[in-house]
Visitor: 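Before I ask anything, let me first share the structure, which is written out below as structure tokens.
Note that the coordinates shown come from a computational prediction; the quantities given were computed from them, not determined experimentally. All ligand and atom numbering here is 1-based and tracks the order in the structure.
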Amino acid sequence: MTDSSAPPFLPFTRPSIDEATIAEVGDVLRSGWLTGNGPKVQAFEAILSQYFAGRPVRTFNSGTCTMEIALRIAGIGPGDEVITTPNSWVATANVIIEVGATPVFADIDPRSHNIDLKQVAAAVTPRTRAVIPVHMCGLPCDMDALYELSAKHSLRIVEDAAQAIGSSWKDRRIGTFGDLVSFSFQANKNIMTGEGGCLVVNNAAEAALAERYRLQGVSRRGLDGIDVDVLGGKYNMTEIAAAIGLAQMRRLETFNAQRLSLAKHYFHCFGTEFEDELGAELPIADFDQSNWHMFHLVLPDRIERATFMQRMLDLNIGTGFHYAAIHLFTLYRKRGFKPGMFPVAERVGRQIVTLPLFPAMKHSDVERVVAAVKTILRS
Ligand SMILES: *Cc1c(COP(=O)(O)O)cnc(C)c1O
């Protein structure tokens with residue numbers, strides 16, 4: 001059924017791609033140099049390194065393999081425990097299994113939805129080697145507490161900053177400090193390359209190792225010297241993706257400013273009575289540090305999320321859910337995880353919903369979404 005008077009469909013996210021980007025991708029295709037550590041990949045890495053205060057940066061073909069390679073660089077493998085959050089995209093935990101280590105979960109904070117560092121401390125054992133915190137929706141974890149904990153127990157940190165490009169902690173940009181910091185350029189992220197990711201590392205040796213892990217473990221010398229000393233995969237970024245990334249980097253600040261303005265408008269439109277009146281929870285109103293990758297609500301238990309999502313769809317508004325609790329997936333239940341182990345992540349995983357937020361949205365779109373949410377929750 002189509003209703004000609006219905007407002008156009010509003011997706012929960014959409015990348016912003018301008019004509020200049022399309023032209024630059026065309027130039028790459030015409031050049032014939034499509035992959036193989038070419039000029040676009042090198043330029044993109046140089047720009048990223050500059051953005052992250054001169055720290056070395058290497059690119060990859062997904063945020064997932066970026067984190068997997070970070071764990072390999074940190075020397076994590078069989079017999080090692082890695083503590084992470086049960087409320088993230090499943091990639092965050094899958095990479096731990098992928099390198100042969102054991103995932104250990106610590107529940108999330110009910111307000112920030114970031115991993116609860118007190119529970120991380122309680123989960124540390126003599127086999128714990130690393131922690132993978134997630135800056136959920138771009139809201140930074142408590143970096144002071146995180147790196148104190150890592151120093152105290154000699155733990156490596158792989159920050160899953162997939163959603164956090166442009167976020168900061170106490171005026172320091174995420175990625176410019178800390179240990180290994182992983183970003184994603186998947187199409188939904190604040191800047192994107194279609195698929196892609198990058199890792200900020202600590203030194204030239206780690207950067208060289210990252211390059212070997214991303215391409216079959218190969219290192220070259222002279223015109224025909226070649227050796228393989230580690231088991232690498234096929235994880236390099238293409239020139240096409242890097243061209244998109246270079247164009248997106250030019251617009252990152254504008255994108256994030258637009259997101260911030262829309263997030264502020266969401267809070268303005270929901271108003272101070274919203275939580276008390278309707279029992280739904282708004283995110284933390286962090287207008288200084290978050291890059292507003294997503295705007296979520298936690299719905300009250302009286303409405304099923306699928307019902308809410310359907311009613312929004314009936315009003316031509318797309319929503320998402322980020323994320324279901326990882327430990328309740330079959331793969332993880334087979335490893336012994338059970339319902340009730342991480343109650344906050346379970347409730348958030350069941351009732352969280354992502355509202356539309358992307359740079360090309362208008363303030364009037366925000367008003368439309370808020371009106372729809374209030375109507376549905378009041379009915
Ligand atoms: C997007 C995302 C990833 C994975 O990135 P891909 O580029 O899709 O592989 C990992 N963790 C979080 C929190 C993400 O949002």
Side-chain angles (χ1 to χ4, degrees), residues 12-15 44 48 57-72 82-99 103 105-106 108-109 112-115 130-141 146 157-167 174-175 180-200 210 213-214 233-238 240-242 244-245 248 255-256 259 283 290-296 320-327 329 332 345 348-349 352-354 357-358:
F12 83 83
T13 191
R14 186 197 290 145
F44 188 32
L48 289 166
V57 179
R58 292 298 179 272
T59 54
F60 305 90
N61 59 27
S62 76
T64 303
C65 73
T66 301
M67 285 196 294
E68 186 188 319
I69 288 170
L71 289 173
R72 293 192 193 284
V82 179
I83 303 172
T84 192
T85 168
N87 193 279
S88 180
W89 178 227
V90 67
T92 310
N94 280 354
V95 293
I96 300 169
I97 302 178
E98 191 63 43
V99 302
F105 295 111
I108 58 169
D109 178 89
S112 71
H113 303 163
N114 283 332
I115 196 166
V131 180
I132 308 183
V134 178
H135 306 298
M136 186 54 70
C137 299
L139 183 73
C141 295
L146 174 69
I157 303 293
V158 176
E159 290 176 43
D160 182 349
Q163 305 183 356
I165 194 156
S167 295
I174 295 295
L180 299 164
V181 189
S182 172
F183 294 87
S184 166
F185 304 130
Q186 186 267 346
N188 289 351
K189 305 295 155 84
N190 286 32
I191 65 160
M192 63 94 209
T193 60
E195 299 283 3
C198 79
L199 185 67
V200 184
Y213 277 126
R214 80 178 168 190
K234 176 67 177 171
Y235 299 129
N236 59 296
M237 179 174 276
T238 66
I240 301 159
I244 300 171
Q248 292 267 298
F255 287 163
N256 282 357
R259 286 176 175 277
S290 177
N291 70 355
W292 290 98
H293 172 60
M294 291 191 283
F295 193 100
H296 56 254
F321 64 99
H322 304 86
Y323 292 95
I326 295 171
H327 67 287
F329 291 138
Y332 288 84
V348 168
I352 198 164
V353 67
T354 308
L357 179 62
F358 54 92

Visitor: Give a yes or no on whether the backbone of H293 and the side-chain of R259 come within a donor-acceptor separation of less than 3.5 Å.
Guide: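 Yes.
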
Visitor: Would you please name every residue forming a salt bridge (Lys or Arg N to Asp or Glu O under 4.0 Å) with R214, sequence neighbours left out?
Guide: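 Only E45 meet the salt bridge (Lys or Arg N to Asp or Glu O under 4.0 Å) criterion with R214.
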
Visitor: Taking side-chain hydrogen bond (donor to acceptor under 3.5 Å, both in side chains) as the test, write out the residues that go with T354, two or more places apart.
Guide: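 Scan of T354 (side-chain hydrogen bond (donor to acceptor under 3.5 Å, both in side chains), adjacent residues dropped) gives H322.
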
Visitor: How would you list, by chain and number, every residue that makes a salt bridge (Lys or Arg N to Asp or Glu O under 4.0 Å) with E68, sequence neighbours excluded?
Guide: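 E68: salt bridge (Lys or Arg N to Asp or Glu O under 4.0 Å) contacts with R72.
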
Visitor: I need the contact residues for ligand 1: any residue with a non-hydrogen atom closer than 4.0 Å to the ligand, ordered by chain then number.
Guide: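 Its neighbours under 4.0 Å (heavy atoms only) are S62, G63, T64, M67, S88, W89, T92, V134, D160, A162, Q163, S184, Q186, K189, G196, Y323, given by chain and number.
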
Visitor: Quick one about E159 and H135 (side-chain donor to acceptor, distance below 3.5 Å, no hydrogens or angles considered), yes or no?
Guide: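 Looking only at side-chain atoms, E159 and H135 do form a donor-acceptor pair, the distance falling under 3.5 Å.
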
Visitor: Looking at N61 and G196, would you say the former's side chain and the latter's main chain have a donor-acceptor pair under 3.5 Å?
Guide: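 Judged by distance alone, no pair lies under 3.5 Å.
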
